[in-house]
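Presented below is the structure to which this report refers.
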Amino acid sequence: MRLPRSFYERDVLDVAPELIGKMIFRKSADGLSGYLITEVEAYRGTEDQASHARFGKTKRNAVMFESGGLLYVYFIYGMYWMVNIVTGRAEQPQAVLIRGLKETDGPGRVARLLAVDRSFYGESLAVSDRIWIEDHQVVLPVIQKPRFGISYAGEPWKSMPWRYIMVPLPRNS
DNA sequence: AGCAAGATCGGT
DNA sequence: CCGATCTTGCTG
């Protein structure tokens with residue numbers, strides 16, 4: 001079943017690891033597809049010097065200041081869309097960047113696979129008929145590592161272990 | 001008003 | 001390792 005808004009209206013450090021192993025669904029004219037979430041990163045508050053919220057509220061990041069459950073989509077490097085999920089309470093800017101799905105690694109590729117663009121800015125995962133996340137009753141082990149691509153943030157932010165990765169399942173053979 | 005840098009990716 | 005490609009938000 002679809003995750004309710006209350007799932008997202010909690011601290012990003014609680015929500016982010018729980019997103020690992022969940023299925024994100026996308027419905028379009030091409031049909032319905034579901035993808036397993038394998039890697040995410042958390043961005044937390046205006047004090048987090050790696051976050052777009054570090055300069056306060058701007059036109060681009062305004063949705064981060066809403067309460068959780070909305071999509072924060074932005075364009076970067078002239079060619080890539082990034083798909084983020086807003087978490088937490090209003091006026092506490094937080095978001096989770098989706099960095100990997102079972103089919104692909106990398107946030108730019110994730111947006112391309114999900115066919116998400118600017119039109120999804122502010123979309124509500126709790127009510128949208130074209131994108132949502134579903135719960136399932138499986139709890140997966142998750143490991144944490146530092147976030148990528150944020151060396152400008154300085155310490156301690158660039159070292160915070162706020163990237164969450166699904167532990168690869170043991171192989172046979 | 002101008003500009004440097006960017007939560008990246010793919011080819012060399 | 002570097003170029004692509006363009007939006008953003010800071011600086012002046």
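Each chain gets a letter, A, B and so on, in the order the sequences are listed, and its residues count up from 1.
The stretch residues 95-102 of chain A touches DNA chain B through A:L97, A:R99, each having a heavy atom within less than 4.0 Å of the strand.
The gap from the P atom of C:dT11 to that of B:dA7 amounts to 16 Å, rounded to the nearest Å. C:dC2 and B:dA5 have their C1' atoms separated by 16 Å, with the value rounded to a whole Å.
The pair A:E9-A:R5 meets the salt-bridge criterion, since a charged nitrogen lies less than 4.0 angstrom from a carboxylate oxygen.
Counting heavy atoms from C-beta on, the side chains of A:I150 and A:Y43 come closer than 4.5 Å.
Looking at residues two or more places apart in sequence or on another chain, you find a ring-ring contact (aromatic ring centres under 6.0 Å, His included) between A:W81 and A:F75. With sequence neighbours excluded, the residues forming a side-chain contact (heavy atoms from CB on, under 4.5 Å) with A:I76 are A:Y74, A:Y80, A:M82, listed by chain and number.
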Report, as a single string ordered 5' to 3', how protein heavy atoms within less than 4.0 Å touch nucleotides 1-12 of chain C: B base, S sugar-phosphate only, - not at all. ---BBBSSSS--

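Around CZ of A:R130, the count of heavy atoms belonging to other residues, nucleotides or ligands within 6.0 Å exceeds 12.
Geometric assessment of A:R26 against the ring of A:Y35 yields a negative cation-pi assignment under the 6.0 Å and 45° thresholds.
When the side chains of ILVMFWY residues are joined at heavy-atom separations under 4.5 Å, either directly or via intervening members, A:L3 and A:L114 end up in a single hydrophobic cluster. A:I165 and A:V12 are assigned to two separate hydrophobic clusters, defined by single-linkage of ILVMFWY side chains at heavy-atom distances under 4.5 Å.
Looking at heavy-atom distances under 4.0 Å, A:R163 makes no contact with the nucleic acid at all.
In a base pair of the Watson-Crick type (N1 to N3 plus N6-O4 or O6-N4) or a G-U wobble (N1-O2 and O6-N3), with each distance short of 3.5 Å, C:dT5 is matched with no nucleotide. B:dA7 is unpaired under the criterion used here, namely a Watson-Crick or G-U wobble arrangement in which both key atom distances are under 3.5 Å.
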A:K57 vs A:E91, test: salt bridge (charged side-chain N to carboxylate O under 4.0 Å, His left out). Steps then yes/no. CA-CA 9 Å; A:K57 191 186 293 186; A:E91 302 310 317; 3.8 Å; yes

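Within the structure, salt bridge (Lys or Arg N to Asp or Glu O under 4.0 Å) pairs that include any residue of residues 141-151 of chain A comprise A:D48-A:R147 (at least two apart or interchain).
Exactly one of A:V83, A:V110, A:I85, A:N84 qualifies for a side-chain contact (heavy atoms from CB on, under 4.5 Å) with A:L97. That residue is A:N84.
Taking 4.0 Å as the cutoff to heavy atoms of chain A, we find the contact window on DNA chain B bounded by B:dG6 to B:dG10.
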